[in-house]
Amino acid sequence: QLQALQASIQQLEYSTRQAATQAGAYIGEVISWESAKGFGFVSCPEAKAHFGKDVFIHKKFCSELPAQNDVVMFTIELNEAKQPQARSAKKCSDLTQQRAYYKMMVAQHG
């Protein structure tokens with residue numbers, strides 16, 4: 001059952017990344033989110049390879065507020081210090097939910 005779920009997630013990740021690539025966007029996971037301050041950071045292997053760091057994300061550039069572990073699609077602009085900033089960030093709800101469900105199943109069944 002876990003293998004089937006993992007295969008389903010991989011397929012969803014692939015199609016989501018394809019859509020992002022076609023839109024000139026990136027896919028990443030919110031690794032930290034400060035609700036009180038309205039900002040956090042996104043881990044994205046492609047962006048990290050290009051910019052050498054995680055991507056800053058601010059609530060004013062999100063269609064809805066993210067939470068830690070949410071998967072988001074976003075574009076990147078560089079600030080004056082040449083650091084990557086997420087823009088036009090949108091949650092990938094299906095992928096976020098599938099990943100959370102998988103993690104829960106692994107925790108329950110080892």
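All values below were derived from every heavy atom in this structure, side-chain atoms included, with hydrogens, water molecules and symmetry-related copies excluded.
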- Criterion side-chain contact (heavy atoms from CB on, under 4.5 Å) on Leu65 and Trp33, from CA distance to verdict: CA-CA 10 Å; Leu65 291 181; Trp33 183 257; 4.1 Å; yes
- Shortest non-hydrogen contact from Gly28 to Cys44? CA-CB, 4.2 Å
- What distance separates Ile27 CD1 from Leu95 CG, expressed to the nearest 0.5 Å? 7.5 Å
- Task: Locate the shortest heavy-atom distance separating Ile57 from Ala89; write the atom from each residue and the value.
- Result: CD1-CB, 3.8 Å
- What's the spacing between Ser35 OG and Lys59 NZ if we round to 0.5 Å? 9.5 Å
- Are Leu5 and Met104 joined in one hydrophobic group, where the rule is that I, L, V, M, F, W and Y side chains link up if heavy atoms are under 4.5 Å apart? yes
- Query: Which pairs pass side-chain hydrogen bond (donor to acceptor under 3.5 Å, both in side chains) with one or both residues in residues 92-106, sequence neighbours excluded?
  - Reply: Glu13-Arg99, Glu29-Arg99
- Item | Smallest separation among heavy atoms of Gln85 and Val55, with atom names | C-CG1, 3.9 Å
- Message: Taking atom CD as the centre, does Gln11 end up with more than 12 heavy-atom neighbours from other residues, nucleotides or ligands that are less than 6.0 angstrom away?
- Response: no
- For Phe61, the hydrophobic cluster (side chain heavy atoms closer than 4.5 Å, chained through members) also holds none
- Shortest non-hydrogen contact from Cys92 toward Thr16: SG-CG2, 3.9 Å
- Item | Student check: side-chain heavy atoms of Lys48 and Ser43 closer than 4.5 Å | no
- Query: Judged by atom type as modelled, is there a donor-acceptor pair below 3.5 Å linking the side chain of His109 to the main-chain atoms of Met105?
  - Reply: yes
- If we only count heavy atoms from C-beta on, is the Val42 to Asp54 side-chain gap below 4.5 Å? no
Using atom types as modelled, flag every donor-acceptor pair under 3.5 Å from a side chain in residues 69-79 to any protein atom, sequence neighbours excluded.
from	atom 1	to	atom 2	distance (Å)
Asp70	OD2	Ala67	N	2.8
Asp70	OD2	Lys91	NZ	3.4
Thr75	OG1	Arg87	O	3.2
Asn79	OD1	Ala81	N	3.0
Asn79	OD1	Lys82	N	3.1
Asn79	OD1	Gln83	N	2.8
Asn79	ND2	Gln83	OE1	3.4

- If every non-hydrogen atom of His58 is compared with every non-hydrogen atom of Phe39, which pair is closest and at what distance? CD2-CB, 4.1 Å
- Task: Quick one: pull up CD in Gln10 and CZ in Arg17 and give me the separation to the nearest 0.5 Å.
- Result: 11.5 Å
- Would Phe51 end up clustered with Ile31 when hydrophobic side chains under 4.5 Å apart are linked, directly or stepwise? no
